[in-house]
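Structure record follows, encoded as structure tokens.
Numbering of residues begins at 1 and proceeds along the displayed sequence.
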Amino acid sequence: QVYLKESGGGVVQTGGSLTLSCVASTAPGYFFHNYEVAWFRQTRENDRAFVAGIRYNGGGTDYSDSVWGRFTVSRDNAKNTAYLHMNSLEPEETALYFCAANLMTLGRSAAEYDVWGQGTQVTVAA
């Protein structure tokens with residue numbers, strides 16, 4: 001099994017930047033480099049929404065339309081870590097940000113992911 005833990009959230013002004021980290025710990029026989037990783041965000045009013053994702057080997061990425069060009073997803077498999085660098089943040093992007101992983105596919109639906117971190121709060125002040 002793989003266990004995920006996010007960090008890097010906080011309070012930032014409108015237009016500011018943050019970088020989130022997702023560190024994986026693995027049980028024997030499980031390897032982070034086999035997992036697709038995605039970032040989702042959730043507010044009280046909405047379900048978890050796809051933000052960005054990266055293939056197991058870093059060879060492909062995907063972004064939601066709303067963050068394309070402002071956010072960058074990356075990973076360092078040697079460090080068992082994925083990152084989400086966020087630029088030009090807006091107040092409406094205030095949410096709890098999660099990283100998630102699966103062995104099957106880099107999808108945009110939360111239902112496709114069976115491993116989740118506990119989330120890290122991002123608050124964008126107006």
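Residue pairs meeting the salt bridge (charged side-chain N to carboxylate O under 4.0 Å, His left out) criterion with at least one partner in residues 13-40, sequence neighbours excluded, are Glu36-Arg55. Evaluation of the salt bridge (charged side-chain N to carboxylate O under 4.0 Å, His left out) test over residues 17-33, restricted to residues two or more places apart or in two chains, returns none. Note on residues 38-100: pairs passing disulfide bond (SG atoms under 2.5 Å apart), not counting sequence neighbours, are Cys22-Cys99. Sequence neighbours left out, not one pair with a member in residues 71-89 passes salt bridge (charged side-chain N to carboxylate O under 4.0 Å, His left out). Sorted by first and then second residue, the pairs that involve residues 14-37 and meet ring pair (Phe, Tyr, Trp, His ring centres under 6.0 Å), not counting sequence neighbours, are Phe31-His33. The side chain to side chain donor-acceptor pair (under 3.5 Å) pairs that include a residue from residues 81-100 are Ser17-Asn87, Thr19-His85, Arg41-Glu93, Arg41-Tyr97, Arg70-Glu93, His85-Asn87, where partners are two or more places apart or lie in different chains. Applying the side chain to side chain donor-acceptor pair (under 3.5 Å) test to residues at least two apart or on different chains, the pairs with a partner in residues 100-118 are Asp62-Arg108.
Leu84 and Ala52 get closest at one heavy-atom pair: CD1-CB, 4.0 Å. The minimum heavy-atom distance linking Val73 with Gly53 is given by the pair CG1-O, 3.4 Å.
One hydrophobic cluster, built from ILVMFWY side chains closer than 4.5 Å, holds both Leu103 and Val2. In the hydrophobic clustering of this structure, Val23 does not group with Ile54; members are Ile, Leu, Val, Met, Phe, Trp, Tyr whose side-chain heavy atoms approach within less than 4.5 Å, directly or through other members. Following chains of ILVMFWY side-chain contacts shorter than 4.5 Å, one cannot reach Phe40 starting from Val37, and the two form parts of different hydrophobic clusters. Put simply, Val124 and Trp68 are part of the same group of oily side chains (I, L, V, M, F, W, Y) that touch within less than 4.5 Å, one to the next.
Contact of the Val122 side chain with the Leu20 side chain is registered, since non-hydrogen atoms from C-beta on lie closer than 4.5 Å. Proximity of Thr123 to Val12: side-chain heavy atoms (C-beta onward) are nowhere separated by under 4.5 Å.
Residues passing the side chain to side chain donor-acceptor pair (under 3.5 Å) test with Thr14: none are found, sequence neighbours excluded. With sequence neighbours excluded, the residues that form a side chain to side chain contact (heavy atoms under 4.5 Å, CB included) with Thr43 are Glu45, Asn46, Ala95. Judged as a ring-ring contact (aromatic ring centres under 6.0 Å, His included), and not counting sequence neighbours, Phe71 has no contacts. In this structure Asp65 satisfies the side chain to side chain donor-acceptor pair (under 3.5 Å) test with no other residue, sequence neighbours excluded. Residues satisfying the side chain to side chain contact (heavy atoms under 4.5 Å, CB included) test with Leu96, not counting sequence neighbours, are Phe98, Gln121.
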Open item on the list: What verdict does the side chain to side chain contact (heavy atoms under 4.5 Å, CB included) test give for Val115 and Leu4, after you've listed the backbone C-alpha separation in whole Å, the side-chain angles of each residue and the deciding distance to 0.1 Å?
Closed with: CA-CA 7 Å; Val115 181; Leu4 304 176; 3.8 Å; yes
Task: Worked verdict on Tyr3 versus Lys5 for side chain to side chain contact (heavy atoms under 4.5 Å, CB included) - done: CA-CA 7 Å; Tyr3 305 91; Lys5 182 174 177 61; over 6 Å; no
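Judged purely by atom type and a 3.5 angstrom limit, Thr120 has no side-chain atom pairing as donor or acceptor with the backbone of Ser7. Judged purely by atom type and a 3.5 angstrom limit, Glu6 uses its side chain to pair as donor or acceptor with the backbone of Gly119. A donor-acceptor pair under 3.5 Å is formed between the side chain of Asn77 and the backbone N or O of Tyr56.
To the nearest 0.5 Å, the span separating CG on Asn80 from OG on Ser25 amounts to 8.5 Å.
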